[in-house]
Amino acid sequence: MNFLEERIVKDGIVKEGNVLKVDSFLNHQMDVALMDQIGEEFYKRFKNKKVTKILTIEASGIAIACSVARCFGVPMVFAKKSKSVNIDGDVFVAEVESFTHKNKNNVIVSKRFLSADDHVLIVDDFLANGCALQGLISIVESAGATVAGLGIAIEKGFQIGGRVIRNLGYHLESLAIVDSMDAATGSVEFREQK
Ligand code: 5GP
């Protein structure tokens, strides 16, 4: 097991409805040293790619994205959730359905912060059905920029997102892929990775 898988086994809580709670170390209370380790691991996996910007979605992707951005020495941009229907022309917009909250949000990125010259590494804490990543990919493509790759802390491999994104031909790296989990026993099984 790698460092993140070990931490999930130690402190993650499996909830009903295919939800893995990691709020004691990843997305509510945050273990900042773990964030640094995650950033370094993504740097190792993507350092051969040209990367000019890190993109994530608020809120829980931000800490991981900051850590990755520090390793690459590039800016981090986060897509903001917007309630407004009257979105002005100065932003790129995508509609994203939330797996955890079951609602839809427009997410926006100012046109000032993404351009056709950018090579963007997209990162997030979780990958479930892939709506968040597809929204971020669509924003990068609206800007005419290039998706350099996608880095996910925890992929739930029994949901379709990972397969969809890989089938589209993107380079997706997930530090931990959960193949199955059981709310009754609290057990978590990980996919073997190289
Ligand atoms: P997707 O768009 O891939 O369906 O879901 C990804 C988003 O939903 C992530 O940004 C994450 O915030 C949230 N999410 C999905 N599954 C889980 C989960 O099992 N636990 C937690 N804590 N968040 C999740």
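In listed order, ligands and their atoms are each counted from 1. Not measured: the values here are computed from a predicted model.
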>> Can you check which of Ile165, Val96, Leu20 brings a heavy atom nearest to atom 22 (N) of ligand 1?
In response: Leu20

> Are Lys53 and Phe113 in a cation-pi contact, defined as NZ or CZ under 6.0 Å from the six-membered ring centre and within 45° of the axis?
Replying inline: no

> Heavy atoms, side chains only, cut-off 4.5 Å: are Ile122 and Thr56 in contact?
Replying inline: no

>> Let's go through Asn106 and Glu95 carefully: what are the C-alpha distance in whole Å and the side-chain angles of both, what is the deciding distance for side chain to side chain donor-acceptor pair (under 3.5 Å) to 0.1 Å, and is it a yes or a no?
In response: CA-CA 4 Å; Asn106 281 321; Glu95 192 178 65; 5.8 Å; no

> So which pairs with a foot in residues 162-171 pass side chain to side chain donor-acceptor pair (under 3.5 Å), sequence neighbours left out?
Replying inline: Lys49-His171, Glu141-Tyr170, Glu155-Arg166, His171-Glu173

> With atoms numbered from 1 as shown, which atoms in ligand 1 lie under 4.0 angstrom from a non-hydrogen atom of Asp124?
Replying inline: 9 (C), 10 (O)

>> With clusters defined by side-chain heavy atoms of hydrophobic residues (ILVMFWY) lying less than 4.5 Å apart, directly or transitively, does Val147 cluster with Leu121?
In response: no

> For ligand 1, which atoms, with element, lie under 4.0 Å from some heavy atom of Cys131?
Replying inline: 1 (P), 2 (O), 3 (O)

>> Closer than 4.0 Å to some heavy atom of Asn18 - which atoms of ligand 1 meet that?
In response: 19 (O)

> Who's the nearest protein heavy-atom neighbour of atom 13 (C) of ligand 1, and how far?
Replying inline: Thr100 OG1, 3.9 Å

> Can you tell me the protein heavy atom closest to atom 15 (C) of ligand 1 and the distance?
Replying inline: Phe99 CD2, 3.3 Å

>> Check this for me - ligand 1, Gly130, N or O atoms closer than 3.5 angstrom, yes or no?
In response: yes

> Hey, which atoms in ligand 1 end up nearer than 4.0 Å to a heavy atom of Ser60?
Replying inline: 12 (O)

> Of the protein's non-hydrogen atoms, which lies at the shortest distance from atom 6 (C) of ligand 1, and what is that distance?
Replying inline: Phe126 O, 3.6 Å

> Does any N or O atom in Glu97 lie less than 3.5 angstrom from one in ligand 1, N or O only?
Replying inline: no

> Does Ala128, backbone or side chain, put an N or O under 3.5 Å from an N or O of ligand 1?
Replying inline: yes

> What do the steps show when you test Ile152 against Val123 for side-chain contact (heavy atoms from CB on, under 4.5 Å), and what is the final call?
Replying inline: CA-CA 6 Å; Ile152 292 292; Val123 305; over 6 Å; no

>> I'd like to check whether Leu133 has a polar contact with ligand 1, where a contact means an N/O of the residue lying under 3.5 Å from an N/O of the ligand.
In response: no

> Purely on distance, is any nitrogen or oxygen of Ala132 under 3.5 Å from one on ligand 1?
Replying inline: yes

> Which atoms of ligand 1 sit under 4.0 Å from any heavy atom of Asn27?
Replying inline: 22 (N)

>> Closer than 4.0 Å to some heavy atom of Asp125 - which atoms of ligand 1 meet that?
In response: 9 (C), 10 (O), 11 (C), 12 (O)

> Between the candidates Ile13, Leu136, Asn129, which shows the shortest non-hydrogen contact distance to atom 4 (O) of ligand 1?
Replying inline: Asn129

>> Show, in sequence, the C-alpha distance, side-chain angles and deciding distance for Asp125 and Val22, and conclude whether the side-chain contact (heavy atoms from CB on, under 4.5 Å) test is met.
In response: CA-CA 10 Å; Asp125 59 341; Val22 289; 6.0 Å; no

> Does the side chain of Ile64 reach to within under 4.5 Å of the side chain of Phe42, using non-hydrogen atoms?
Replying inline: yes

> Going through the checks in order, is the side-chain contact (heavy atoms from CB on, under 4.5 Å) test met by Ile165 and Gln134?
Replying inline: CA-CA 8 Å; Ile165 301 288; Gln134 299 232 45; 4.0 Å; yes

> For Ala176, does its backbone N or O pair with a side-chain atom of Ser174 as donor and acceptor, under 3.5 Å?
Replying inline: no

>> Heavy-atom pairs closer than 4.0 Å: do any link ligand 1 to the side chain of Lys156, the backbone, both, or neither?
In response: side chain

> How about Val14 and Asp182: do any of their side-chain heavy atoms sit closer than 4.5 Å?
Replying inline: no

